[in-house]
Amino acid sequence: MFKILASWGFLFGAVAGGIISVLAFDFDAGKVATYYLIPYYLLCTALQYVWPEQANQFEKNEVFTDALNNGAMFAVSGLQNVLTHALIAATGSGLLFHYGILGEHLAARHLPFAAQVAISYLVFDFMFYVTHRMAHEVDFFWRMHSVHHSAHRLSVVNASRTHPVDLIWRRIVPAFVVFQTGVSQEAFIMSGVIGSILATITHMNVDFKFGVLNYVIGTNEVHRWHHSDKIDEAKNFSVFMLWDHLFGTFVYKPRGQKRPAKMGLFNENHYPVHHFFGQLFVPLTWKRMKARQLADDPLAHIPPTSTNPRPTATVATPVTPAQDNAGDSVTA
């Protein structure tokens, strides 16, 4: 009971703190990030050493790779914001209202602020579900998204292990769709802060226990299954779990098993698991890597499931900067 109370208290306390900070800083996103979100991220990282779910044992080059990824994320986030604003400026927000297809009075900005925030959050999360699922099921997008799934455990630090192109397109598309509802910029900022707080919890290596809340929010207990190397377990594509329930992609095993047997890519042969620069070029070296995987193991293209493991185990081949940097097969 203590774990549930502590877990719920942390989650709702963090969200409440985010809401208060947005209001206190008068919707200044820069100040909210500086004085609330960044300290919040640091607190979440520290908690992983106080109350870990898995031992904090690092693999060779893991910390260095994730440090570079975090630095890249800050740089890419700035570019992403510029591109988002440029896209909105070029195409307009609320195009259906702008061109008179829908009456201006139907724009979401005329609704009470709380309703705008709810619309902004739900629309963004739905589009996040769509783009995230595409990133897993469309080979072109998986080549980039595979970078995020190369980590072998959840951590706040490796939540930023993403390919820059993957990070940009899966943020810009949902943001653009949200603005077409006609919500105010203030509502978008508020929903974005709430979403960032919840998304951080999904990756925390902390021994939280959320109970029934796991069926509503993609907590770290639920998100672990998303990082399984078994294709039938690697689901849970949203943060608000409504979409996963509706489309049959919700996976959670509350009894007997806390996490997948293995997290990461199902075939790491020739993949630069802990090599930042190698991961940047994974989309370009993908076909060559696939050929090398099949040469090593003719069954390398067959993803395992929780009931049917691959007939032949593939042993990961270490990749060094001097070697070709290649990718992984489509799953996880």
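We use all heavy atoms of the structure for the numbers below, so side chains are in, but hydrogens, waters and symmetry mates are not. Note that the structure is predicted; figures quoted are calculated from it, not measured.
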Between [X] and [Y], a side-chain donor and acceptor under 3.5 Å:
X: H110; Y: E104; result: yes
X: E221; Y: N214; result: yes
X: E268; Y: H152; result: yes
X: S238; Y: D244; result: yes
X: S196; Y: Y41; result: yes
X: D296; Y: H270; result: yes

Should [X] and [Y] be regarded as members of a common hydrophobic cluster, given that ILVMFWY residues are connected when their side-chain heavy atoms come within less than 4.5 Å of each other, either directly or indirectly?
X: V212; Y: L11; value: yes
X: I189; Y: L23; value: yes
X: Y99; Y: V183; value: yes

Taking only residues two or more places apart in sequence, or in another chain, which ones meet Q257 in a side chain to side chain donor-acceptor pair (under 3.5 Å)?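 Q257: no side chain to side chain donor-acceptor pair (under 3.5 Å) contacts found.
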What's the verdict on side-chain contact (heavy atoms from CB on, under 4.5 Å) for F247 and L242, showing C-alpha distance, side-chain angles and the deciding distance? CA-CA 9 Å; F247 299 110; L242 170 65; over 6 Å; no
Are any of the side-chain heavy atoms of [X] and [Y] separated by less than 4.5 Å?
X: M263; Y: D229; answer: no
X: I194; Y: I19; answer: yes
X: F113; Y: M190; answer: yes
X: P164; Y: L167; answer: no
X: I302; Y: F266; answer: no
X: S21; Y: Y35; answer: no
X: M204; Y: H223; answer: no
X: V32; Y: L37; answer: yes

Would you please indicate yes or no on a ring centroid separation below 6.0 angstrom for H148 and H227?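 Yes, the ring centres sit under 6.0 Å apart.
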Residues two or more places apart in sequence or in another chain: which of them pass ring-ring contact (aromatic ring centres under 6.0 Å, His included) with [X]?
X: F188; answer: F179
X: Y215; answer: F250, Y252
X: F141; answer: W169
X: H132; answer: F128, H136, H145, H226, F237

Steps toward side-chain contact (heavy atoms from CB on, under 4.5 Å) verdict (N70, R161): CA-CA 7 Å; N70 275 273; R161 181 184 284 223; over 6 Å; no
In terms of heavy-atom contacts, does [atom1] of [X] have more than 12 from other residues, nucleotides or ligands at under 6.0 Å?
X: K287; atom1: NZ; value: no
X: Q185; atom1: CD; value: no
X: F12; atom1: CZ; value: yes
X: K31; atom1: NZ; value: no

Show your working on side-chain contact (heavy atoms from CB on, under 4.5 Å) between Y271 and S150 and close with a plain yes or no. CA-CA 9 Å; Y271 196 95; S150 63; 3.8 Å; yes
Regarding [X] and [Y], does a basic nitrogen lie under 4.0 Å from an acidic carboxylate oxygen?
X: R153; Y: E53; value: no
X: R143; Y: D139; value: yes
X: D207; Y: K3; value: yes

With a 3.5 Å distance limit and no angle check, can you tell me whether Q293 reaches the backbone of K290 through a side-chain donor-acceptor pair?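 Judged by distance alone, no pair lies under 3.5 Å.
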Connected hydrophobic set around F58, excluding itself, where side chains approach under 4.5 Å: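 In the cluster with F58 are Y49, V63.
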Going from OG1 on T285 to CZ on R292, what distance comes out if it is rounded to the nearest 0.5 angstrom?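 That separation rounds to 9.0 Å.
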Classify the angle between the aromatic ring planes of F240 and W243 as parallel (below 30°), tilted (30 to 60°) or perpendicular (above 60°).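 Taking W243 first and then F240, their aromatic rings stand perpendicular (interplane angle over 60°).
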Passes side-chain contact (heavy atoms from CB on, under 4.5 Å), M127 versus R170? Steps please. CA-CA 8 Å; M127 290 308 301; R170 289 198 305 111; over 6 Å; no
